[in-house]
Structure formats: structure tokens, C-alpha cells
Enquirer: 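Can you read through this structure? Questions will come right after.
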Amino acid sequence: MSYRHGGYRRRYRDDYDDRRREVVETPEEKLKTAIIKFGEVDAQEELPRLEKQIREHQPLNIPNISEAFRISVTEQPYKIPFYTALLRNLYNTPDPAQSDAPVLGRLILEDFWKGFQGYLDKVAWRETRLCIQFFAHLTVAGLISPESMTSLLQSFVAVLDEFGVSHGRAKKAGLSAGEGLFIAGSVLKAHSPSSVNDMITAIHTYSESTTNAKWLVALNSRVLDSLLTALNTLNEGDFSGITDCLPQPYLRDGAADLEIAKYDLPSVLVPPEIIEVEGITSETGSEAQIKKEEWPEYYFRVFTSEVSPDPNTPAGYIIRSALIDTIDIFEINRKECARLLLEYPKWNLPGTFKPKPGSTVEHEPFPGKDWQLESTPGRQTIIGAYLVLPEPSQKSIYYISLITELCKLSPSTIGPAVGKSIRKLYACLSESLDVEVARRFAEWFAVHMSNFGFQWVWKEWVPDLSLAVQHPKRAFIRRVVEFEIRLAYHDRILKTLPPQMQDPEGFVIPEQAPGPAFEYEDPSHPHHEAAQSVLNLFRGRANAEDVIAQLDTLKSQLEGSDDGHTNLDSLVRSIAVQSLLNIGSRSFSHLLNGLERYLALLRNLASSGVSSAGGYGNTEAKNDILTAAASFWKHNRQMVGIVFDKLMQYQIVDPTDVIGWTFLNGSFVGQLREIEKPLNLSAFEWDLLRAALDKANGRVVIARRKIATLRKEDDDARAKAKASQEMEVDGDAKPADEQHEVENPALETALKASESLVREQKAALSRTLEGFISCLAPSAGGLNPNPHSRGVIGEEAWQNRDAWGRDDWNAWETWGWYRQFVRAVSYAPYLRKYTNTLETVSFARFEGVNDPAADLMKKVWHIATGQE
């Protein structure tokens with residue numbers, strides 16, 4: 001015992017010593033840290049001290065210093081002008097007697113270029129673009145020759161002329177060249193005006209070639225267009241206005257007049273895109289590659305230029321670009337990101353933003369500036385980045401959490417600004433706000449309210465209850481309340497609403513809390529006893545075979561009764577599925593355990609195993625299962641999506657089954673009292689479609705990755721066998737060409753599985769497209785009599801939207817989800833790849849049809865698939 005006790009004590013002492021042991025930094029690490037933290041207090045005061053520290057460091061380690069510069073430039077873009085000033089100072093020769101010694105700044109720049117070349121080779125676009133900004137500042141500072149800087153930018157402009165260049169690649173290359181030109185334009189235009197004008201023209205030409213994408217979004221602000229507008233403004237004044245846009249501390253002492261040999265940037269060639277091999281991608285089943293297409297980014301501008309900078313102006317573009325880069329870079333640390341956003345004014349020209357309340361720093365506001373800091377990062381930039389179409393660069397929860405952190409850091413300023421943003425966005429719901437933007441807005445608003453006690457002035461929106469029940473504003477309110485109930489509970493949210501919204505006639509909140517709706521629970525129900533017999537078997541954890549036998553017996557008994565039920569197969573399936581879900585309604589673990597225990601039963605039901613005498617098909621059987629599940633959870637739409645997902649995961653139903661059910665029966669599920677509506681899609685139905693499509697696409701991706709892994713293993717095994725033969729010295733060994741190649745059965749199985757999953761994926765996409773056609777094109781077989789939307793009936797109908805009823809708004813929203821389907825980054829590449837198949841199957845019914853809705857559907861489709 002004493003040995004063990006001593007062992008424990010010794011281990012405790014060692015742990016204590018480890019905790020006390022300080023991390024010792026090497027001199028190189030200390031210098032690197034000092035460079036990275038440069039300017040945290042006052043960049044101008046720290047500049048000579050840091051310069052001296054770098055010069056006096058021995059031994060001189062250029063790669064270590066240049067790496068610190070690369071990290072700083074690519075991870076702290078708001079400091080780039082000040083790192084330019086630091087490098088410019090390192091070009092000076094403090095000792096005239098050592099004028100022949102290598103210039104320290106030049107050595108650092110030469111090694112920095114090597115790192116830039118590494119970013120370029122890896123096609124790391126953000127790091128490449130930020131390095132180009134650094135080079136542009138160095139050009140203005142007189143350290144880089146304008147000839148080589150012009151050549152570098154022209155290399156990126158050349159990408160725009162590549163045959164078949166993707167939107168993503170062209171956009172990033174255009175931004176890299178445009179922002180470099182933005183900063184160094186004054187020097188470059190003085191050197192070669194024609195080169196500058198040619199580059200701006202090339203970017204403008206490409207931008208014009210993508211204007212058709214506006215048909216797919218309801219926003220008008222594009223990132224590349226904002227850059228072009230700002231560039232044209234600067235170009236008209238020979239870029240003299242850049243001094244009013246961003247700090248240039250390296251010019252304060254006439255730094256551009258240094259008598260030095262300017263550095264010539266080496267020539268570069270932008271490498272091709274890195275395209276992930278995903279296996280079998282073509283319709284013929286041959287090996288190919290998928291190019292991830294990206295649409296031009298469209299962002300939502302919340303406020304006017306009096307409150308926050310306009311991104312279409314030079315100063316506004318620079319500020320938005322720097323803030324967006326900071327938000328993306330610090331995605332791993334939202335608290336640090338929030339702090340940096342609030343400290344952003346110190347990296348700008350004095351007078352760009354209003355001083356903080358209580359601040360003792362006084363400055364003269366810049367003409368046309370003096371913007372509100374709280375409105376710029378919180379309201380304008382973060383919300384704008386979150387609502388970017390077709391897809392934000394980060395996950396939604398990051399933007400939502402970042403806004404919350406800003407509110408916590410500065411509640412007196414950011415809080416009211418966020419409230420104004422919410423009101424502004426809510427007002428835009430009547431102005432054709434894109435349905436995907438409205439969906440994200442509802443999610444953010446609900447989560448944001450949950451972080452601040454669900455406190456909101458709902459009475460401001462009470463007058464909107466007089467609008468049509470499916471008006472975007474009323475649909476938004478219902479969805480927010482539904483989300484809030486998920487984040488809290490029904491009674492708490494009910495108490496936060498005014499009486500008008502608590503009233504069931506307001507169709508805002510359900511009368512009861514979300515919960516199961518077991519159809520056969522009432523003893524007066526004619527099939528109560530039958531359901532109880534099945535329910536008791538589940539409660540007793542009976543075998544699946546016993547339950548199946550009981551269902552067969554039950555069906556025989558029902559056949560002899562006269563209860564008016566014409567489809568006994570459907571009835572038995574409903575009883576079985578609802579009884580099983582009733583057992584699993586207590587918790588998620590109960591649900592999963594129940595589904596996993598009775599997978600054999602569910603597969604039997606899905607394959608019409610209860611009875612096939614009536615010829616009831618497989619598709620109808622799966623539809624019955626989905627209907628029973630949706631009916632059971634009709635008061636909790638979140639659980640409908642969860643159960644559907646699990647049924648697809650366990651392969652009880654296919655994604656195509658869920659898609660077909662959604663278009664036919666999606667409106668059957670209501671979180672309120674039944675609101676009858678025609679065939680259409682709301683945000684709830686879109687969530688079901690999206691989950692099914694993601695499931696189909698995800699299975700294909702997983703299958704292809706498995707094939708790639710098996711092929712690599714197979715190739716490695718063959719290479720190893722071949723190498724072993726070459727090393728074989730035994731004369732009896734057979735030559736490699738005489739050996740029989742053993743087939744890989746696992747690879748063959750994976751290839752067959754992949755082919756099956758690709759067919760399922762095509763079917764899911766085709767069924768979705770057909771569903772939209774049925775909803776939106778009445779003359780082509782659709783059921784909706786009023787496909788009103790901006791562009792179908794015309795501008796006059798849109799201007800009279802205040803008189804629209806429920807059906808008109810339903811159809812308008814369905815049009816919005818159709819656009820989202822064809823433009824979504826997750827689906828657009830596959831839609832383009834399977835264009836011929838999908839058009840043949842789905843658009844054949846449009847032949848000979850003269851209908852504006854059908855024409856618009858085809859136009860949107862052709863733009864999305866690159867045919868226009």
C-alpha cells in the first residue's frame with residue numbers, strides 16, 4: 001500500500017510541476033510573435049521599436065521573419081498598410097558604411113514571394129488575394145516595380161478568358177486582380193494607362209457575361225459589380241481618391257522616393273483548379289470529374305450610405321472587403337472576431353467612423369464619412385454576409401453567434417442597431433425578399449431572441465395580421481414562433497406574444513404545445529382496439545415476426561367488418577407505424593431504439609408485405625408509411641423531418657419517395673389548425689425536399705470516396721507486388737505479364753453500388769423538377785390556377801400584390817423555392833451534369849404549350865444549367 005500511495009503522491013507532484021513549468025520561447029519565436037502582434041496598441045509608436053528589434057536579432061533568420069510577415073498579412077488583413085510601412089523601413093540602411101550589404105527588407109520580400117508562390121500553387125485564393133494586396137501597397141511604397149506588378153495582375157485577369165472557366169474561379173481571380181489594381185492603381189496608371197484600362201475592361205466584360213444570374217435571385221448587389229463600380233470611380237480621378245479610402249502610413253515621410261532598386265516580381269501562371277475526383281460522374285458511367293460551379297455572389301444591403309459605407313464606393317468597398325476577410329479568417333474564434341470588429345476603426349483613417357460614446361479622442365469627420373461603427377460590422381457586414389446568395393461562405397450558426405458576441409461586448413450600441421436591422425428586414429418581406437433570405441432571417445431572429453430572453457416588441461407587427469394568411473410577413477411570424485417553441489417551450493413563448501397573436505384566429509401560434517397525435521388513442525375510434533393490440537406487442541418488445549403475424553390477423557378481421565374503409569392495406573400500415581411511433585414518442589432514444597428494433601417490420605410494410613393481393617405497389621406502401629408518420633407528428637413539424645430522415649437513413653423509404661410525398665401531401669402537415677392550401681411549397685416543404693436531396697447526393701459522394709479509396713489500395717497492392725517481383729532473384733518466379741491479375745471483389749461491389757446510387761440521385765432530382773412543374777405550370781399538367789409571380793404575370797400584377805390572396809402568395813413562394821433549387825451550390829453541378837436526362841424526362845410536357853409560366857420555368861432552367 002505504501003508503494004501505491006507513494007506512486008500516487010509522486011504522480012501528483014509531477015503533475016504539479018508540469019503545471020508550474022512555463023513555456024519557454026526561443027528568440028526566433030519571440031521575434032515572430034512580436035511581428036504578428038505589431039500595432040496592437042499603437043502602430044506608429046511601435047514601428048521604430050520593432051524595426052530595431054528585427055535588425056538587432058542575431059543570428060539573422062530571414063525565413064522566420066518572412067513567415068511572420070506571411071502569417072500577419074494573410075490572417076490580419078486590416079494591418080497590411082502598416083506591415084508595408086515596416087518593410088519599407090527595413091529597406092533603409094542605418095549604417096552608410098554598410099551600403100554594400102544586402103538590404104534586409106529586400107531579403108524578406110524575396111523570401112515572402114516564395115510563400116506567395118506556395119499559396120498560388122495550392123490555389124489558396126484568399127491567401128493569394130491578400131498577398132496581392134500587400135504587393136500593391138509595396139508598389140505604391142516604391143519597393144516593387146510597376147512593370148512587374150502590372151504583369152502579375154494581368155496573369156490573374158487572363159483567367160477570365162479561360163475556356164469553360166467556372167464562376168468561382170473567375171470571380172476569385174477577378175477580385176484578386178481588381179483589388180490589387182484598386183490599391184496600386186495610381187502608380188500603375190502613371191506607368192501604363194492602357195494596361196489599367198484594359199484590365200478594368202476585361203473584368204467588366206466577364207461581369208456582363210454573368211448578368212443572366214439575376215433571374216435566379218431577388219437581390220441586385222453583386223460583389224464583383226461593387227468592385228467595378230468603385231474601380232471606375234477611382235479610375236476617373238486617376239486613382240487620386242485612394243488617399244481618402246485607406247491609410248498609407250508608408251508615404252508619410254516620402255517613402256515612395258526611396259533611391260533603391262525596385263524588386264521585380266517573377267512572372268507567374270495561375271495554375272488550374274484543383275478538382276476533386278468523385279468517381280463515376282457522367283451519364284454514361286465513365287470516369288470523369290465534377291467541377292463545383294458557383295454562382296456570382298449577391299448580397300443584401302440593409303442600410304443607406306448615411307449610416308454605413310456603401311460597398312459601391314471606394315471607401316465602402318475597402319471596408320466591407322476587410323471586414324468580410326476578418327469574419328472568414330476568425331471563424332474558429334468568434335469572441336476574438338467580435339473584439340477585432342469593434343476595434344476596426346483604429347486601422348482606418350481618423351474620421352471614418354464616429355468615436356465611441358464617452359471616448360476622449362476627437363477628430364474631424366471625413367467628408368461623406370463619419371459612419372456608425374455599430375451599424376457597419378453588425379448590421380451591414382455580418383448580416384449581409386449571412387444573407388449572401390446563393391450560399392454564405394460560413395455556416396449560419398457562426399454568423400448568428402458572432403452577432404450575439406457583438407451584442408454582449410457593446411449592448412448599448414450594437415443591441416439597438418440589431419433591432420433596427422430586424423425591422424428593416426421585416427419591412428423588406430413585402431418587397432419581394434428572396435424566400436431563401438427570408439428563411440435564414442427567420443432562423444437568425446429566433447436564435448437571437450433565445451439568447452436574450454425572447455424579448456421582442458411583437459405589438460409592432462399586430463396590424464400585419466390583417467394581411468393574407470400566406471403573406472410573407474405572416475408566414476415569417478409563424479415560422480419564427482415555431483422556431484422559438486423548439487428553443488424553449490410552448491407556454492413560455494405564448495406569454496411573450498400580445499393577445500391578438502395568442503388568439504387562434506391569428507394563426508400565429510398553435511393552441512397546444514407540439515406533441516404526438518395518435519389517431520387511434522381515443523377509445524371511441526372504431527379502430528382503437530385493433531391499434532391497442534399492436535401497441536401492446538410493441539410495449540412487450542415482441543419480435544418483428546410476431547407483429548407481422550398480428551397485422552395479418554388484424555387485416556383478416558377487418559376484411560370481415562363493415563367499417564367503410566376501402567383500403568385495408570393502408571389502414572393496417574397506418575396502425576402499425578403510428579403505434580410504433582407512439583412507443584418512440586417519449587424521447588429520441590426511444591424513437592431510435594424502436595425503429596432499429598423493428599427494421600424488419602418496417603421493411604415488410606414498405607414492400608407491401610402485409611398483403612399483396614390487392615396489387616398495392618411499393619411506392620404506395622412507402623407513401624402510406626410517410627403519411628402515417630406525418631399524421632402522427634402533424635403538431636410538431638420538426639419531428640416530421642426527423643422521422644423522415646431516419647426512414648431514409650434506414651432505407652425504409654428512398655429520397656425519391658419523400659420528394660414525391662412532399663409535393664403531393666406536404667401541405668397536409670400543419671403546426672396550426674388546418675389551413676387548407678393548394679399544391680405549393682412553403683419553407684417547411686422545402687426543408688423536407690432539401691433533406692431528401694442532400695441524402696441522395698451524400699450517398700453518391702460517399703460511394704465515390706469509397707471507390708477512390710479501394711482503387712488506391714488496389715493500386716498500392718499491385719505496385720507492391722510488382723516491386724516484390726523485380727526484387728525476386730529466384731529464377732523460377734513468373735514474369736509479371738504471365739501472372740493472373742486477381743480482381744478486387746470489393747471494388748466491383750462498390751462500383752455497382754455507386755451506379756445504383758447515381759440512378760437514385762437522378763431520380764430524386766428528376767422527381768423534384770417534375771414536382772415544381774406540376775405546381776407552377778398549370779397548362780403543362782400542374783394544379784395551381786394562379787401562378788402569380790414577378791415575371792410571369794408581369795410588373796403590373798406585382799405592383800398590385802397588396803390585393804393578392806392566399807393562393808397568389810403560395811404560388812409566389814413556390815416560384816422562389818424553384819429558383820433556389822436550380823441555383824443551390826449543392827444541386828447546380830448535378831443539374832448541369834444531368835441536363836439532357838432531366839430535360840427529356842421533365843420538360844417533354846412543355847411541347848406545344850403556350851403558357852408564360854412554362855416559358856419562365858424553361859428560361860430559369862436554361863440559365864441555371866448554363867444554356868443561356
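Quick caveat, the model's predicted, so the values are computed rather than measured.
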Enquirer: With salt bridge (Lys or Arg N to Asp or Glu O under 4.0 Å) as the test, pick out the partner of Asp654 among Arg767, Lys622, Arg759.
Expert: Lys622
Enquirer: So, the side chain of Ser754 versus the backbone of Ala750: is there a donor-acceptor pair under 3.5 Å, distance only?
Expert: no
Enquirer: So which atom in Ala531 and which in Ile575 form the shortest heavy-atom distance, rounded to 0.1 Å?
Expert: CA-CG2, 3.7 Å
Enquirer: Go through it in stages, so that I can follow the logic: the residues are Gln761 and Asn697, the test is side-chain contact (heavy atoms from CB on, under 4.5 Å), and I'd like the CA-CA distance, side-chain angles, deciding distance and then a yes or no.
Expert: CA-CA 6 Å; Gln761 180 192 42; Asn697 293 342; 2.8 Å; yes
Enquirer: Roughly how far apart are Leu551 CG and Asn604 CG, rounded to 0.5 Å?
Expert: 8.0 Å
Enquirer: Does Ser585 reach the main-chain N or O of Asn582 with its side chain, forming a donor-acceptor pair under 3.5 Å?
Expert: yes
Enquirer: With a 4.0 Å cut-off on N to O distance, would you call Asp715 and Arg711 a salt bridge?
Expert: no
Enquirer: Using ring centroids (six-membered ring only for Trp), state whether Tyr386 and Phe441 fall under 6.0 Å.
Expert: no
Enquirer: What closest approach, in Å, do Ala692 and Ile659 show between heavy atoms, and which atom pair accounts for it?
Expert: CB-CG1, 3.7 Å
Enquirer: Would you mind reporting whether Val435 and Arg439 have side-chain heavy atoms less than 4.5 Å apart?
Expert: no
Enquirer: How about Tyr520 and Ser574: does a side-chain donor come under 3.5 Å of a side-chain acceptor?
Expert: yes
Enquirer: Nearest 0.5 Å, what's the CD-OH distance between Glu839 and Tyr834?
Expert: 15.5 Å
Enquirer: Within a strict 4.5 Å, meaning less than it, do heavy atoms of the Asn636 and Pro516 side chains meet?
Expert: no
Enquirer: Taking atom types as modelled and ignoring hydrogens, do the side chains of Thr627 and Trp661 form a donor-acceptor contact shorter than 3.5 angstrom?
Expert: yes
Enquirer: Could you give me the CA-CA distance, side-chain angles and deciding distance for Leu831 and Trp861, then say whether side-chain contact (heavy atoms from CB on, under 4.5 Å) is met?
Expert: CA-CA 9 Å; Leu831 294 178; Trp861 171 261; 4.1 Å; yes
Enquirer: To the nearest 0.5 angstrom, please state how far the CG atom of Leu580 sits from the CG atom of Leu602.
Expert: 5.5 Å
Enquirer: Would you say the side chain of Pro472 lies within less than 4.5 Å of the side chain of Trp809, judging by non-hydrogen atoms?
Expert: yes
Enquirer: Quick one about Ser682 and Glu685 (side-chain donor to acceptor, distance below 3.5 Å, no hydrogens or angles considered), yes or no?
Expert: yes
Enquirer: Would you mind reporting whether Tyr399 and Pro392 have side-chain heavy atoms less than 4.5 Å apart?
Expert: yes
Enquirer: Write down the atom of Leu838, the atom of Leu765, and the distance for their closest heavy-atom approach.
Expert: CD2-C, 4.1 Å
Enquirer: Can you tell me how far apart CD (Gln470) and CG (Asn810) are? Round to the nearest 0.5 Å.
Expert: 4.5 Å
Enquirer: Measure from the ring center of Trp817 to the ring center of Phe772 and say whether it is less than 6.0 Å.
Expert: no
Enquirer: About how many Å separate CG of Leu599 and OH of Tyr650, when rounded to the nearest 0.5 Å?
Expert: 6.5 Å
Enquirer: Does Ser631 reach the side chain of Glu519, with side-chain heavy atoms less than 4.5 Å apart?
Expert: yes
Enquirer: Could you pull out all residues at least two apart from Asp645 that satisfy side-chain hydrogen bond (donor to acceptor under 3.5 Å, both in side chains)?
Expert: Lys695
Enquirer: Give the minimum heavy-atom separation between Gly641 and Leu688, together with the two atoms involved.
Expert: CA-CD2, 3.8 Å
Enquirer: Are the side chains of Trp812 and Asp808 in contact, using a 4.5 Å heavy-atom criterion?
Expert: no
Enquirer: Under the 3.5 angstrom rule, does the side chain of Thr835 hit a backbone N or O of Arg832 as a donor-acceptor pair?
Expert: yes
Enquirer: Suppose we screen for side chain to side chain contact (heavy atoms under 4.5 Å, CB included). Which residues come up paired with Ala544, at least two apart in sequence or across chains?
Expert: Tyr598, Ala600, Leu601
Enquirer: Given side chains that start at C-beta, do those of Leu689 and Phe821 come closer than 4.5 Å, heavy atoms only?
Expert: no
Enquirer: Tell me the closest heavy-atom pair linking His590 and Ile583, and the distance in Å.
Expert: CB-O, 4.0 Å
Enquirer: Please confirm whether the backbone N or O of Leu693 pairs with a side-chain atom of Tyr827, one donor and one acceptor, at under 3.5 Å?
Expert: no
Enquirer: Could you tell me whether Asp434 and Arg823 make a salt bridge, using a distance below 4.0 angstrom between a side-chain N and a carboxylate O?
Expert: yes
Enquirer: Taking only Lys NZ, Arg NE, NH1 and NH2, and the carboxylate oxygens of Asp or Glu, determine whether Arg440 and Glu436 approach each other closer than 4.0 Å.
Expert: yes
Enquirer: Report the C-alpha separation of Lys171 and Val223 in whole Å, then their side-chain angles, then the decisive distance to 0.1 Å, and conclude whether the side-chain contact (heavy atoms from CB on, under 4.5 Å) test is met.
Expert: CA-CA 9 Å; Lys171 175 191 67 179; Val223 177; 5.7 Å; no
Enquirer: Would you call Arg479 and Asp687 a salt bridge, taking side-chain N to carboxylate O under 4.0 Å as the test?
Expert: yes
Enquirer: Please identify each residue that fulfils side chain to side chain contact (heavy atoms under 4.5 Å, CB included) with Ala475, with sequence neighbours left out.
Expert: Arg478
Enquirer: With side chains defined as the heavy atoms from C-beta onward, is the minimum distance between Phe632 and Val577 less than 4.5 Å?
Expert: no
Enquirer: Could you go step by step and tell me if Leu856 and Val860 meet the side-chain contact (heavy atoms from CB on, under 4.5 Å) rule?
Expert: CA-CA 6 Å; Leu856 181 61; Val860 170; 4.1 Å; yes
Enquirer: For residues Asp328 and Ser393, report the shortest heavy-atom separation together with the two atoms involved.
Expert: OD1-OG, 3.1 Å
Enquirer: Is the shortest side-chain N to carboxylate O distance from Arg718 to Asp714 below 4.0 Å?
Expert: yes
Enquirer: When rounded to the nearest 0.5 angstrom, what distance separates CD in Glu760 from CD in Gln651?
Expert: 7.5 Å
